[in-house]
Structure formats: C-alpha cells, structure tokens
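In what follows, a structure is listed as structure tokens, so that the remarks can point back to it.
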Amino acid sequence: MTATETSGETPTITVGEHRLELEVVPAVEGSSGLEIKSLLSTTGMVTYDPGFTNTAACQSAITYIDGEAGILRYRGYPIEQLAEKSTFLETAFLLSHGALPSAEEAQEWEARLLRHTHIRDDYRRLISSFPREAHPMAILSSAVAAMPGHYHEVFDITDEKQVELATVLLLAKAPTLMAYALRHSRRQDKPDVAPELGYVADILRLSVGQHRRWEPDPTMVRALDVLLLLHADHEQNCSTSTVRNVGSAGANLFLSVSAGISALAGPKHGGANEAVLAMLEEIRDSGVSVADFMTRVKDKTSGARLMGFGHRVYKNYDPRAAIVKQLADEVLSSLGKRDELLDIAMELEGIALADDYFVERKLYPNVDFYTGLIYRAMGFPTSMFTPLFAIGRLPGWIAQWREMMQDPSTKIARPRQVYTGPAERDYVPVQDRSTA
Ligand code: CMC
C-alpha cells in the first residue's frame with residue numbers, strides 16, 4: 001500500500017493512489033530531514049514514531065552528535081577541546097550567543113552573573129514550605145517556576161534584552177536555589193552567597209556547606225567546572241524537547257525550564273546519576289557478586305537495568321563518559337581516596353563491554369556512570385547529583401529555547417496520534433449498565 005523512494009532526485013512516498021514528493025531539509029552534518037508536513041493532507045495518514053526515535057522536531061545550529069562515532073560538539077567545537085580549554089561560563093555564553101566571547105565580553109558576562117547570584121527573602125517562605133525530605137529536584141523545579149512572579153521585568157519573550165536578562169537571572173540564581181533546597185533539608189537557613197569566590201567555586205562551597213572564608217581546592221573547582229560543561233547541552237534529549245514543547249506554547253523561559261527540570265528528574269534521564277550510586281551501593285551492601293548482578297540486568301523479567309549504561313543516540317562510548325572516567329581518577333587520587341564503589345563500577349564496565357548482551361545492543365557507559373562517584377568524593381549528598389545535572393544543562397535549555405523563539409518556522413508542538421480506543425457508541429444510563 002505504501003512505498004518510499006529516496007534514490008532519485010526527489011524522494012517520494014506513495015500511499016495507494018496518492019503520491020507525495022518529499023522536500024529534503026539538508027543537514028550540515030549527519031542525517032538530513034524528509035519534510036512530511038503535507039503527509040496527512042495528501043494521504044490521510046500520519047507518521048507513527050513512538051519515542052521520536054526517527055523524528056527531527058526542529059532545525060538547530062547548537063549541538064551536533066554523531067552517536068555511531070561518539071562525537072559531541074557545541075557550536076562546532078569538540079567536547080574534548082572545550083573540556084580541556086574552556087570553562088562552564090564561557091561555554092554557557094557560547095551556547096546561548098552562538099560564538100565564544102571576547103575577553104571583554106567574557107569578563108562582563110561573568111561579572112553580570114555574579115551580581116545576581118543572591119536570592120530574595122521571598123524564597124524563604126517558598127522553600128521552607130516544603131517538607132524537609134522533599135527531593136531538591138522538586139524544590140528546584142518549583143522555585144524556577146516561581147521566578148516569573150518575582151521578576152516581572154523579564155516577561156516579554158519577544159524582547160531580546162528581557163530574554164538576555166532572564167538568561168542571566170536563571171543561570172545566576174538556580175545554583176543558589178539548589179543550595180537552598182539542600183540547606184532546607186539540613187534545617188539551615190537561606191544561603192549567603194560569596195560571589196568573590198567565582199561561580200563554580202561558590203556552588204561547591206554552598207553545597208558542601210562551607211563558610212564564606214573557605215578556600216576552595218582548585219582541583220575540585222576545575223573538576224566541577226568540567227562536569228557542568230560536559231552536561232551543558234545534548235541537542236533534542238527528553239528534557240530539552242520538553243523545554244521546547246512548553247516554550248512553543250509561548251510560555252516564558254522560567255516556566256519552560258522548570259518543566260525541563262521535571263523531565264530531567266526521571267531515572268532514565270538525569271536521575272540516572274543518583275540511580276547509579278544506589279545500584280553500586282546495593283551491590284556492595286547486598287553481597288551479591290557483580291557477575292550475578294549482571295545476570296539480573298540481562299533478565300528482562302527482573303525489570304532491572306544497568307544504570308548509567310545505554311543511550312538513545314550513542315551506539316559507541318559516550319565521549320562525555322570517557323572524560324568523566326579520567327576525571328574520577330584525578331579527583332579520587334588528588335583526595336587520596338580509594339572508593340570501593342569505583343572498583344565495583346569498573347568491574348561492571350569491564351564485564352559489560354565484553355558481554356554479548358551489551359555488545360549486540362551497543363550499550364556503553366553514558367555520562368551518568370561515573371559522575372556520581374566524583375560528586376560523592378567532593379562531598380555532595382546523593383540527592384544533589386541530579387540537581388547538579390540540571391545546573392549544568394541550564395545553558396543548553398536556555399540556548400534551545402532562545403533558538404526556537406527566534407525561528408520563524410516554530411509552531412506550537414502538537415503531535416498526532418493513532419487512535420486505538422472504542423469506535424462511537426451510545427451513552428448508557430447508570431441503572432442500565434451491567435455489572436461485570
Ligand atoms: N541495561 C540493560 N539493558 C538495557 C539497558 C541497560 N541500561 N539499556 C538498554 N537496554 C536494552 C533494552 O532492554 C533493549 O533490549 P531489547 O532490544 O532486547 O528489548 C535494548 O537495550 C534497547 O533499549 P531501549 O530501552 O529500547 O533503548 P532507548 O534508546 O529507548 O533507551 C536509555 C535509552 C538511556 C533510556 C536506556 O539505555 C536506559 O534505560 N539506560 C539506563 C538509564 C540511564 O543510564 N540513563 C541515562 C542516559 S544518559 C544521560 C541522560 O540522557 O540523561
């Protein structure tokens with residue numbers, strides 16, 4: 001009934017007697033797109049692609065991934081070069097402004113961000129209303145959603161100056177809100193920021209609960225900076241697509257990013273970094289052997305997965321995971337720590353990389369496999385791992401939201417469905433319904 005032909009000049013799709021010529025949307029690198037906007041009006045059919053495994057929802061000039069080759073680039077720059085030579089703040093600028101900053105722009109950008117890291121007293125009421133055991137991702141998502149109520153001056157999503165200010169406020173205040181969420185769980189009050197330490201050093205200080213005159217360890221600060229940078233964008237992943245979907249309705253940056261934070265909390269996405277640590281601890285504490293654990297994750301009926309392994313796009317070693325693994329070694333040896341959980345992780349990886357189940361499915365360690373071990377060594381509690389991912393991902397969410405808002409082809413996100421429910425039937429009054 002249907003046939004698609006792409007070898008000739010113009011790809012076409014034929015459904016019965018309907019023939020549709022498909023326009024090619026060319027990619028600079030990677031897969032080009034087949035434009036199927038008029039499929040429904042021409043053929044009466046829709047595409048069916050659960051999980052959007054084969055659907056490009058937008059054109060984007062921000063991030064390029066080649067999952068087969070293990071390549072990740074932000075605005076054309078390889079992740080390895082950025083991790084070695086750039087900083088999180090510079091990369092944040094690169095993502096949302098499209099180019100690396102000049103020395104003067106970089107200085108202004110950092111100074112502007114650091115001027116805004118404090119949070120208003122109103123947040124005391126908001127955050128203290130949460131139970132102490134509330135997960136910091138829930139608090140962070142709510143607090144970010146509450147921001148438009150506090151900053152009316154950044155409401156107009158069509159005004160570039162307001163959008164730039166919203167960008168700065170979000171990047172500046174989200175880490176302080178994250179730290180406040182942690183402090184709330186510890187019965188501590190609103191955090192007192194120390195911008196003079198620098199953006200990343202102060203995130204570390206606030207989260208590990210140090211006083212203002214604390215002297216940060218440069219190795220730890222640099223490691224955290226690199227970790228945040230590695231998470232800064234990953235094209236159309238689940239949380240970023242959520243940010244774009246929400247923003248496509250005209251929602252402001254804060255509300256859109258708050259939705260992205262909620263999506264990121266899931267254990268198949270950003271929540272995997274917490275889940276990895278829980279898995280490693282379970283193996284250590286239960287006394288089950290690594291080999292037996294691996295048998296369990298391969299058994300589909302167990303419902304267990306090897307957390308921190310596998311990726312929708314990478315069918316090769318995640319290039320971020322390679323950098324993180326090296327960083328884990330550096331941080332642990334600089335702290336003079338031996339972590340038995342790292343030993344378990346390395347054993348799991350070794351078995352998985354040689355096991356047919358993982359090899360056939362091209363399952364490799366992803367960015368989350370080793371990050372938790374580094375955060376733990378730095379002194380972060382497990383509940384802060386996913387919020388740290390969120391802070392790292394902010395520049396990407398912001399850049400993608402801004403790109404979408406400027407794209408004249410943006411339409412409200414509104415997928416179709418293939419309906420499988422009952423055909424039309426008549427309403428039955430309650431007294432006439434049979435009890436099954
Ligand atoms: N452990 C065991 N089996 C797995 C795993 C895993 N971690 N990941 C995938 N599989 C199997 C899966 O059962 C399926 O097998 P089969 O073809 O026999 O049914 C096959 O591999 C393909 O899996 P999928 O679920 O269809 O693949 P997906 O692209 O929909 O899911 C994923 C990708 C990341 C959700 C998945 O690999 C996973 O759940 N991994 C563990 C969670 C994790 O580490 N998430 C972090 C992702 S990276 C950071 C981020 O995006 O936030």
Side-chain angles (χ1 to χ4, degrees), residues 49-55 63 65 67-68 70 72 79 137 141 227-244 257 259-280 282-283 290-325 345 347-375 382 385-397 400:
D49 183 17
F52 311 118
T53 57
N54 200 42
T55 297
T63 290
I65 301 175
E68 294 293 332
L72 169 62
I79 194 68
M137 283 298 271
S141 161
L227 287 174
L228 294 173
L229 182 156
L230 291 177
H231 288 87
D233 193 43
H234 216 230
E235 49 116 310
Q236 310 312 317
N237 57 84
C238 178
S239 56
T240 303
S241 301
T242 302
V243 170
R244 278 184 176 260
V257 166
I261 295 171
S262 301
L264 188 75
K268 288 189 175 177
H269 194 9
N273 57 13
E274 262 187 49
V276 169
L277 208 81
M279 173 184 79
L280 298 175
E282 186 201 321
I283 295 174
V290 169
D292 283 351
F293 182 81
M294 290 301 270
T295 308
R296 197 169 103 204
V297 295
K298 290 189 286 179
D299 171 9
K300 292 288 161 58
T301 61
S302 75
R305 283 197 166 193
L306 180 58
M307 299 312 285
F309 253 73
H311 197 275
R312 170 63 59 80
V313 181
Y314 292 119
K315 301 302 166 199
N316 200 326
Y317 213 99
D318 179 337
R320 303 166 301 171
I323 300 169
V324 173
K325 190 176 175 187
E347 200 182 336
L348 284 171
E349 182 188 336
I351 296 180
L353 293 182
D355 187 306
D356 282 351
Y357 174 96
F358 291 89
V359 174
E360 278 161 16
R361 291 170 179 78
K362 300 188 179 175
L363 301 170
Y364 292 89
N366 59 51
V367 70
D368 291 321
F369 196 63
Y370 287 105
T371 45
L373 292 168
I374 308 182
Y375 293 143
T382 313
F385 295 179
T386 317
L388 282 165
F389 191 153
I391 299 302
R393 184 54 54 87
L394 282 174
W397 289 331
Q400 301 268 352

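Remember, it's a predicted structure, so these values are computed and weren't measured experimentally. We count ligands from 1, going down the list as the structure has it; atoms in each ligand are counted the same way.
- Scanning the protein for heavy atoms near atom 47 (C) of ligand 1, the closest one is Asn366 ND2, 3.5 Å.
- Closest to atom 30 (O) of ligand 1, if we only count protein heavy atoms, is Arg312 NH2, 2.9 Å.
- Relative to atom 50 (C) of ligand 1, the option among His269, His231, His234 with the closest non-hydrogen atom is His269.
- Residues meeting the side-chain contact (heavy atoms from CB on, under 4.5 Å) test with Thr63, sequence neighbours left out: Ile65, Leu72, Tyr74, Leu95, Asp233, Glu235.
- Residues Tyr314 and Arg320 form a side-chain contact, since some pair of their non-hydrogen atoms from C-beta on lies under 4.5 Å apart.
- Residue Gly308 has at least one heavy-atom neighbour below 4.0 Å for each of these atoms of ligand 1: 43 (C), 44 (O).
- Looking at heavy atoms from C-beta onward, Ile323 lies in side-chain contact with Leu230 at the 4.5 angstrom threshold.
- In this structure a side-chain-to-backbone donor-acceptor pair under 3.5 Å is present from Thr295 to Ala291.
- With hydrogens and angles ignored, the 3.5 Å screen pairs a side-chain donor or acceptor of Asn273 with a backbone N or O of Phe385.
- In this structure, the protein non-hydrogen atom closest to atom 41 (C) of ligand 1 is Phe309 O, 3.4 Å.
- Shown here, atom 22 (C) of ligand 1 is out of close reach of the protein: none of its heavy atoms lies under 4.0 Å off.
- The shortest contact between atom 10 (N) of ligand 1 and any protein heavy atom is with Leu363 CD1, 3.7 Å.
- Remark: side-chain polar atoms of Arg305 are not paired, donor with acceptor, to backbone N or O of Gly310 under 3.5 angstrom.
- Looking at His311 and His234, their side chains come closer than 4.5 Å, going by heavy atoms from C-beta outward.
- Close approach of ligand 1 to Gly270 (heavy-atom distance below 4.0 Å) involves ligand atoms 52 (O).
- Under 4.0 angstrom from ligand 1, there are no non-hydrogen atoms of Asp318.
- For atom 42 (C) of ligand 1, the nearest non-hydrogen atom of the protein is Met307 CE, 3.5 Å.
- Those atoms of ligand 1 that come under 4.0 Å of a heavy atom in Ala272, given as number and element, are 43 (C), 44 (O), 45 (N), 46 (C).
- Remark: atom 27 (O) of ligand 1 lies closer than 4.0 Å to no protein heavy atom.
- Considering only heavy atoms from C-beta on, Leu348 comes within 4.5 Å of Leu306 through its side chain.
- Side-chain contact between Arg296 and Asp299 is absent, with no heavy atoms from C-beta onward closer than 4.5 Å.
- Within the set Lys298, Arg320, Lys315, Arg305, the minimum heavy-atom distance to atom 24 (P) of ligand 1 is found for Arg305.
- Looking only at side-chain heavy atoms (C-beta outward), Phe358 and Met294 come within less than 4.5 Å of each other.
- The closest approach between Asp368 and ligand 1 falls below 4.0 Å for a heavy atom of the residue.
- For atom 1 (N) of ligand 1, the closest non-hydrogen atom on the protein side is Leu306 N, 3.0 Å.
- Listed by first and then second residue, the salt bridge (Lys or Arg N to Asp or Glu O under 4.0 Å) pairs that reach into residues 356-371 are Glu68-Lys362, sequence neighbours excluded.
- Closest to atom 34 (C) of ligand 1 among all protein heavy atoms lies Gly310 O, 3.6 Å.
- Here atom 48 (S) of ligand 1 lies nearest to His311 when heavy atoms of His311, Arg296, Met279 are compared.
- Contacts with ligand 1 closer than 4.0 Å are made by side-chain heavy atoms of Arg361 only, the backbone lying farther away.
- Between atom 3 (N) of ligand 1 and the options Phe389, Tyr314, Tyr357, Tyr364, the minimum heavy-atom separation is to Tyr357.
- Under a 4.0 angstrom heavy-atom cut-off, Gly51 registers as lying outside contact with ligand 1.
- Between Phe309 and Phe369, the angle of the ring planes goes over 60°, which puts this pair in the perpendicular group of the 30/60° scheme.
- Taking only non-hydrogen atoms, the option from Lys268, Glu360, Lys300, Arg393 nearest to atom 16 (P) of ligand 1 is Lys300.
- Leu363 has its side chain within reach of Tyr357: a pair of non-hydrogen atoms, C-beta onward, lies under 4.5 Å apart.
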